[in-house]
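A, B, ... follow the sequence lines: proteins, then strands. Residue 1 opens every chain.
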Amino acid sequence: MIKTRIAPSPTGYMHIGNARTALFNYLFAKKYHGEFLLRIENTDLERSKKEYELDILGNLKWLGLNWDGEIIYQRERSPVHREYLEKLLGEGKAFYCRHSAEELAGEQKEQQTNKTVLKHNCDHKDKSLAGGVIRLKNQNKKIVFNDIIRGEVTFDSELLGDIVLAKNLNTPLYNFAAAADDHDTEISHVIRGEDHLSNTPKQILIQEALGFKRPDYAHVPLILAKDRSKLSKRHGSPRLGVAGGTAVTEYKNAGYLPQALVNFMALLGWHPADNREIFGLEDLIKEFDLARVQKAGAVFDGTKLDSINNYHIKQLVPAELAQYLKPYLNDHSPSDEQIIKIAHLFQDRLNKFSEIAQLSAFIFNQPEYDSKMLLWKGASPEKTKNNLETILMILEKLSGDSFDIDSTATEIMPLANKTGRGEMLWPLRVALTGLEKSPGPFEIMEVLGREESINRIKKAAGKL
RNA sequence: GGCCCUAUCGUCUAGUUUGGUCUAGGACACCACGCUUUCAAUGUGGUAACACGGGUUCGAAUCCCGUUGGGGCCGCCA
């Protein structure tokens with residue numbers, strides 16, 4: 001039975017790196033009809049917060065990465081951890097280290113100046129006095145494990161010293177708790193970020209001391225910021241220019257579709273054998289293969305995310321898109337019917353939903369612009385005014401009920417073809433939007449309606 | 001500094017396991033052209049990479065060694 005897990009600590013908002021690790025764990029488990037577990041590593045009492053936990057849960061659900069079974073809270077497993085610690089202590093595999101923080105700091109400082117390995121080889125191993133932290137007795141051996149992505153990886157455990165397992169019997173530390181929980185929940189494959197590669201030998205040492213079976217490992221490459229450093233909270237927000245933020249919630253708020261984010265994250269470090277790049281979660285489950293995961297880190301390119309999001313937005317039906325757009329248009333409280341029209345108007349050009357506010361501003365506010373903008377490539381003000389007035393006459397004859405893209409276009413286009421499309425249509429579009437770039441005039445008029453369209457054109461004619 | 005990982009277009013990557021079909025393919029971005037009232041969308045085309053140095057071999061992006069570069073870790077955090 002294939003069993004994977006995502007084991008975030010609730011000490012910060014879920015970020016892109018966690019999300020992609022979760023995705024790979026999910027895909028791998030589902031591909032082999034196994035289970036994907038969620039373990040909340042909340043042993044750090046001071047830094048763990050409910051708010052962060054809820055953020056993680058919410059984002060996993062949002063992305064569609066539903067976990068199997070109950071959530072495992074690491075802290076609740078504390079009695080089991082204690083049993084394991086007592087076992088190791090009893091067998092003489094672990095011991096209490098009573099060195100003070102000052103002593104250890106001094107030792108470390110000395111190692112730094114001597115440029116030797118930073119580690120603690122304790123000389124309290126044989127004194128069985130309780131108190132102080134619990135350390136694992138170093139066995140000084142080579143540790144070799146096979147990483148599914150990287151192949152054989154070797155560490156020399158001597159360089160690790162006597163690693164700390166727990167602050168005390170009731171307070172286990174990360175490596176110990178992770179090894180114990182992975183074993184007890186029968187995790188078959190530990191898939192995690194490369195930043196954990198150097199934790200693996202420690203966890204293997206703990207497994208061996210406890211007589212546990214070793215799971216398979218796969219260390220996925222890290223997601224890098226533009227400067228090629230590990231993506232961290234310091235790297236900007238997607239709202240401030242091209243994406244580069246780290247919290248999944250930021251992407252959600254900025255108006256990215258979960259399926260786009262999943263699609264994009266899957267391609268960060270993984271690629272199918274063929275050239276396809278558009279994938280839904282179900283396709284990914286079918287295609288995903290750990291052996292095809294890249295070894296080197298991948299730079300997060302927000303531009304490509306935008307492009308993938310744009311693709312997925314274009315797949316939505318307008319009514320669906322309208323629902324997504326609604327929260328970003330709250331300032332103007334448009335009707336549902338109006339939002340659907342707006343959705344239709346901008347569907348092809350949206351990279352993310354948050355762009356809609358600015359893109360559609362001209363619909364809700366009277367445009368301000370210089371009268372010169374109305375002139376198409378050297379056209380005279382007189383002629384342009386004349387053209388606008390001709391359009392006005394036509395529009396005024398149309399009734400409000402039949403005022404749509406078809407009726408306005410069929411009335412105006414023959415004239416535009418005769419006069420010159422640019423001379424007719426450019427000023428009309430500017431009159432309606434006040435912008436150099438925008439959707440076409442007939443589509444816009446349908447959204448604005450007869451009265452508003454006529455008003456804006458009158459105003460424009462008045463400027464000339 | 002030590003240990004570990006890693007190295008194909010600006011970015012994500014195919015190709016590396018089973019050397020020749022690679023004058024290195026795709027996507028994003030960029031540029032040009034077409035369509036078009038503008039922009040977007042779309043279509044066509046283009047610029048752009050095997051880090052370097054040694055081997056092995058008839059032949060290396062692909063195998064080996066070294067160098068250089070990049071990254072991660074080195075907490076009584078996870």
Please list, chain by chain and in numerical order, all residues satisfying ring pair (Phe, Tyr, Trp, His ring centres under 6.0 Å) with A:Phe288, sequence neighbours excluded. A:Phe24, A:Trp270

Which whole number of Å gives the distance between the P atom of B:rG75 and that of B:rA14? 35 Å

What's the gap between B:rA60 and B:rC52 when it is taken at their C1' atoms, as a whole Å value? 16 Å

Nearest-angstrom distance, C1' atom, B:rC9 to B:rA49: 4 Å

Using the C1' atom on both, measure B:rA41 against B:rU62 and round to a whole Å. 40 Å

Specify whether A:Phe346 and A:Phe362 have parallel, tilted or perpendicular ring planes, treating 30° as the upper limit for parallel and 60° as the lower limit for perpendicular. perpendicular

What does A:Glu158 touch in the nucleic acid at a heavy-atom separation under 4.0 angstrom: a base, only the sugar-phosphate, or nothing? nothing

Could you work out the separation of B:rA51 and B:rC33 based on their C1' atoms and round it to a whole Å? 36 Å

With rounding to whole Å, what would you report as the distance between B:rU8 and B:rC3 at their C1' atoms? 28 Å

Set of side chain to side chain contact (heavy atoms under 4.5 Å, CB included) partners for A:Leu222, sequence neighbours left out: A:Glu194, A:Asp195, A:Leu224, A:Lys230

Could you identify the nucleotide paired to B:rA51, looking across every strand shown and requiring Watson-Crick or G-U wobble geometry with both distances under 3.5 Å? B:rU67

Strand contacts (RNA chain B) in residues 432-440 of chain A, 4.0 angstrom heavy-atom criterion: A:Glu436, A:Lys437, A:Ser438, A:Pro439, A:Gly440

Only counting residues at least two apart or in another chain, list the ones meeting side chain to side chain contact (heavy atoms under 4.5 Å, CB included) with A:Lys372. A:Asp370

Would you mind classifying the nucleic acid contact of A:Pro441 as base, sugar-phosphate or nothing, using non-hydrogen atoms under 4.0 angstrom? base

Would you indicate what A:Asn199 reaches in the nucleic acid, counting non-hydrogen atoms under 4.0 angstrom: base, sugar-phosphate, or nothing? base

What nucleic acid atoms does A:Val430 come within less than 4.0 Å of, heavy atoms only: base, sugar-phosphate, or nothing? nothing

Could you tell me whether A:Val133 contacts a base, only the sugar-phosphate backbone, or nothing, with contacts defined as non-hydrogen atoms closer than 4.0 Å? base

Classify A:His99 by what it touches in the nucleic acid, base, sugar-phosphate, or nothing, heavy-atom distance under 4.0 Å. base

Contact list for residues 97-123 of chain A, test ring-ring contact (aromatic ring centres under 6.0 Å, His included), sequence neighbours left out: A:His99-A:His120, A:His99-A:His124

Heavy-atom contacts under 4.0 Å between residues 377-392 of chain A and RNA chain B, which residues? none

Reckon A:Arg192 touches a base, only the sugar-phosphate, or nothing at all at heavy-atom distances under 4.0 Å? nothing

Hey, what's the ring geometry for A:Tyr13 with A:Tyr52, parallel, tilted or perpendicular (30° and 60° as the breaks)? perpendicular

Listed partners of A:Phe28 passing ring pair (Phe, Tyr, Trp, His ring centres under 6.0 Å), at least two apart: A:Tyr32, A:His189

With A:Tyr217 via side chain to side chain donor-acceptor pair (under 3.5 Å) - residues at least two apart: A:Gln207

Atom P, compared across B:rU21 and B:rG59: separation rounded to whole Å: 15 Å

Is there a Watson-Crick or G-U wobble partner for B:rU36 with both distances under 3.5 Å, and if so, which one is it? none

Can you pull out every side-chain hydrogen bond (donor to acceptor under 3.5 Å, both in side chains) where at least one residue sits in residues 414-428 of chain A? Sequence neighbours excluded, please. A:Lys383-A:Glu423, A:Asn417-A:Arg421

Counting only heavy atoms from other residues, nucleotides and ligands, does the tally under 6.0 Å from NE2 of A:His312 exceed 12? yes

So what does A:Arg429 touch, heavy atoms closer than 4.0 Å: a base, only the sugar-phosphate, or nothing? base

Counted 5' to 3', the first and last nucleotides of RNA chain B within 4.0 Å (strictly under) of a heavy-atom of chain A are B:rG1 to B:rA78

Can you sort out the partners of A:Arg39 under salt bridge (charged side-chain N to carboxylate O under 4.0 Å, His left out), two or more places apart, ordered by chain and number? A:Glu41, A:Asp181, A:Asp182

What's the gap between B:rC39 and B:rA7 when it is taken at their P atoms, as a whole Å value? 43 Å

With A:Lys93, which residues qualify under salt bridge (charged side-chain N to carboxylate O under 4.0 Å, His left out), at least two apart? A:Glu91

